[in-house]
2 protein chains.
Amino acid sequence: MPDEGQLEIQEAREKILATATDLFAKQGYDSTSLSQVAREAKVSKALIFWHFDSKDELYRSALRRTLEPYFINVNELTGLGEREQVERLIDQFYDFIHTNVYSVRFFLSLTLRVEQSPDEGLSRVLELYRSFRNSLADIIDSGRRRGVFCSDVDASREAGLIMAALGGILIQQFMSDPSSNEPAALIEHLKQTLFQRLTANGAEGTHAGRPE
Amino acid sequence: MPDEGQLEIQEAREKILATATDLFAKQGYDSTSLSQVAREAKVSKALIFWHFDSKDELYRSALRRTLEPYFINVNELTGLGEREQVERLIDQFYDFIHTNVYSVRFFLSLTLRVEQSPDEGLSRVLELYRSFRNSLADIIDSGRRRGVFCSDVDASREAGLIMAALGGILIQQFMSDPSSNEPAALIEHLKQTLFQRLTANGAEGTHAGRPE
DNA sequence: GTCTATATACAGATAGAC
DNA sequence: GTCTATCTGTATATAGAC
C-alpha cells in the first residue's frame with residue numbers, strides 16, 4: 001500500500017484552493033489573477049497549474065467548495081405546527097445568510113453576470129432557492145388545509161412574497177452600512193405581519209375580494 | 001467666435017462614451033477592455049486616450065451618463081390620497097426597474113464589489129434608494145396621522161419592508177427565467193396585503209400587541 | 001482630432017531542473 | 001510536488017506623424 005503516504009501531504013493544494021476560494025468570492029473571477037493567488041498562498045504560479053489544469057478548473061473547484069455548506073440545510077421540522085415551521089424556515093434562511101455572507105455575495109454577483117455560462121454551481125444554488133420557496137409554499141398550504149391559516153390564502157404567492165422580502169433584506173445589507181436598518185427588526189416585522197395576515201380569520205371574511 | 005465650429009464635431013467622443021457605457025453595464029469594469037471599446041466604437045485606442053485620460057476616467061464618465069435617467073424620477077404626487085401615493089410610488093419603482101434593467105443590474109453588481117472605492121455614482125444611487133424609502137415612510141406616516149391608516153402603524157418599518165420586497169422582486173427577476181414567477185403578480189400581492197394590513201382597523205384592535 | 005506604431009506591464013500557461 | 005525561467009497573448013498607455 002504505497003499510497004497511504006500521500007494523504008495529508010497535499011497541504012499546498014489546500015492552501016491554493018482556500019486562497020482562491022476567498023479571492024474569487026471577494027473579487028470575482030476576472031479581477032483575481034493567478035499571480036495574486038500564488039502570492040497570497042505563498043506558492044509559485046506553476047504549482048497552481050500542476051494541481052489545477054487551468055484557471056477555469058481552479059475556479060470550478062473553488063465554487064464546489066463554496067457550495068458545500070449549502071446542503072447541510074435540509075430542514076428537520078418534525079412535529080412542529082405550520083406556523084412554527086414557517087418561522088423556523090425564515091430564521092434558518094436568515095442565519096444561513098449571515099454565516100455565509102461572502103459566498104452569498106459571491107453567488108449573487110455571479111447571478112448578475114451576463115456571461116452565457118450556465119455554471120453548474122450557480123444552478124445548484126438557484127435550485128436550492130426554489131426548493132426553499134416550495135417548502136414554504138407546501139407548509140403554508142398544509143396549514144391552510146388544516147384550518148390553521150385562512151382558507152383564502154394563496155400559498156404560492158405568499159411563499160413568493162416571503163422569498164422576495166428575504167432576498168430584499170439580504171441586498172439591503174449589502175447596500176447600506178450594516179448598522180442602518182437592522183435586518184433583524186425587518187425579519188421580525190415580516191413574520192409579525194405575515195401571520196397577522198395568514199390567521200386574520202375575523203375582519204370582513206373574504207375581505208380580499210377585489211376584481212381579479 | 002471661432003468656437004462654434006467644434007460643437008457637433010465631437011461625435012467620436014459620443015460614440016466612445018455610448019459604447020463604453022453599454023459595455024461597462026453589460027460586462028463590468030474588468031471584463032471590458034479599451035481595445036474592445038475601440039473596436040466596437042470603430043475608433044483607435046489612442047483616440048480614447050485623447051478624449052479620456054485613463055480607463056478609470058472613461059468609466060466614471062460612463063457611470064455619470066448611466067446615472068442621468070435616475071433623476072427624472074422626482075415624484076409629482078399632487079392631490080392624491082395616501083394610499084394612491086404609495087401605490088403610485090411602488091408602480092414607479094417597478095416601472096423604473098424595467099426600463100433600466102441593464103443599469104440596475106450594473107449598479108447592483110457594483111454594490112457587491114468589495115472594492116474600497118466609494119464610487120461617486122454608486123453613492124448617488126444609494127442616496128436615491130434611501131430617499132425613496134423615506135418618501136414612502138413619510139406618506140405612510142401622514143396617512144396614519146390623518147386617520148387613513150391604522151394608528152398603530154410603524155411607518156418606518158413598513159417602508160423598510162416594502163423596499164425589501166421590491167428589492168427582492170428585483171433580484172428574483174435576475175435569478176429566474178423571466179417567465180417563472182411573474183413579478184407583476186408579486187407586486188399586486190404586495191400592494192394588496194400591504195393595504196389590507198394598513199387599513200385593518202377592525203379585527204382585534206391593537207392586535208399586534210406582542211411583548212416588544 | 002485622428003491615426004499607426006510602440007513601450008511597458010502583466011495575464012495565463014508551459015518546460016524542465018530538482 | 002515544487003520550483004525558476006520563459007513563452008505568448010493582450011492589457012493600458014504614450015509618441016509622434018498627419
Side-chain angles (χ1 to χ4, degrees), chain A residues 1-63 65 113-117 119, chain B residues 1-63 65 113-117 119:
Chain A
M1 297 273 194
D3 286 339
E4 292 178 12
Q6 69 193 41
L7 277 183
E8 66 252 285
I9 313 207
Q10 299 210 345
E11 41 180 270
R13 186 193 155 98
E14 256 314 296
K15 195 80 179 294
I16 293 171
L17 199 48
T19 308
T21 304
D22 185 50
L23 290 179
F24 281 141
K26 279 198 244 179
Q27 309 173 340
Y29 183 86
D30 291 308
S31 315
T32 303
S33 75
L34 294 187
S35 312
Q36 188 186 8
V37 175
R39 200 182 321 121
E40 302 208 6
K42 295 197 183 68
V43 296
S44 71
K45 270 199 290 184
L47 187 58
I48 297 181
F49 281 96
W50 193 90
H51 284 291
F52 307 91
D53 286 345
S54 67
K55 182 183 181 181
D56 210 70
E57 203 212 297
L58 173 61
Y59 174 74
R60 264 187 261 276
S61 301
L63 248 193
R65 145 171 302 228
R113 291 198 196 163
V114 223
E115 296 169 6
Q116 65 293 358
S117 59
D119 213 315
Chain B
M1 296 273 193
D3 287 337
E4 291 178 11
Q6 70 192 39
L7 277 183
E8 67 253 283
I9 312 206
Q10 300 211 344
E11 40 181 271
R13 186 193 155 98
E14 255 315 295
K15 195 79 179 295
I16 294 172
L17 198 48
T19 309
T21 303
D22 186 50
L23 291 179
F24 280 140
K26 278 197 246 179
Q27 309 173 340
Y29 184 85
D30 291 308
S31 314
T32 303
S33 76
L34 294 187
S35 314
Q36 189 186 9
V37 175
R39 199 182 321 121
E40 303 208 6
K42 295 197 184 70
V43 297
S44 73
K45 273 194 290 182
L47 187 59
I48 297 181
F49 281 97
W50 194 91
H51 284 292
F52 308 91
D53 286 346
S54 67
K55 183 182 182 182
D56 210 68
E57 202 211 298
L58 173 61
Y59 174 74
R60 266 187 260 276
S61 302
L63 247 193
R65 147 172 300 230
R113 289 196 197 165
V114 223
E115 296 171 6
Q116 64 292 359
S117 59
D119 213 315

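Per chain, numbering begins at 1; letters A, B, ... match sequence-line order. Side chains are part of it too, since the values below use all heavy atoms of this structure and drop only hydrogens, waters and symmetry mates. A quick note: this is a predicted structure, and the numbers were derived from the prediction, not measured.
- Aromatic ring orientation, A/Tyr29 versus A/Phe24: parallel (interplanar angle below 30°, classes split at 30° and 60°).
- Among residues two or more places apart in sequence or in another chain, the ring pair (Phe, Tyr, Trp, His ring centres under 6.0 Å) test is passed with A/Phe49 by none.
- Taken from CG in A/Asp30 to OG in B/Ser31, the straight-line distance is 3.0 Å, to the nearest 0.5 Å.
- With rounding to whole Å, A/Glu11 atom CD is found 8 Å from D/dT2 atom P.
- Contacts with DNA chain C (heavy atom under 4.0 Å) in residues 34-47 of chain A: A/Leu34, A/Ser35, A/Lys45, A/Ala46, listed by number.
- To the nearest angstrom, C1' of C/dT14 lies 12 Å from CG of A/Asp53.
- Legend: salt bridge (Lys or Arg N to Asp or Glu O under 4.0 Å) pairs involving residues 35-47 of chain A, not counting sequence neighbours: none detected.
- Checked against side-chain hydrogen bond (donor to acceptor under 3.5 Å, both in side chains), B/Glu57 has no partners two or more places apart in sequence or in another chain.
- If you take NE2 on B/His51 and CG on B/Leu58, they are separated by 11.0 Å, rounding to the nearest 0.5 Å.
- Each of C/dA13, D/dT12, D/dT2 was ranked by its minimum atom distance to the side chain of A/His51; first place goes to D/dT2.
- Comparing the local axis fitted to the first five base pairs of the helix from C/dG1-D/dC18 to C/dC18-D/dG1 with the one fitted to its last five gives a bend of 0°, rounded to 10°.
- Atoms OG and CG, on A/Ser44 and A/Leu34 in that order, are 11.5 Å from each other to the nearest 0.5 Å.
- In this structure, the separation between CD1 on A/Ile48 and CG on A/Leu17 is 11.0 Å, given to the nearest 0.5 Å.
- Atom CZ of B/Phe49 and atom P of C/dT6 are 18 Å apart (whole Å).
- Counting to the nearest Å, the P atom of C/dA11 and the CD1 atom of A/Ile48 are 11 Å from each other.
- B/Thr19 places none of its side-chain heavy atoms less than 4.5 Å from the side chain of B/Val43.
- Atom CG in B/Asp30 sits roughly 15 Å away from atom C1' in D/dT10 (whole-Å rounding).
- In this structure, B/Leu23 atom CG and D/dA11 atom P are separated by 13 Å, rounded to whole Å.
- Summarising the geometry, the separation between CH2 on A/Trp50 and P on C/dG16 is reported as 18 Å, rounded to the nearest angstrom.
- Note: NZ (B/Lys55) to P (C/dC10) measures 15 Å, nearest angstrom.
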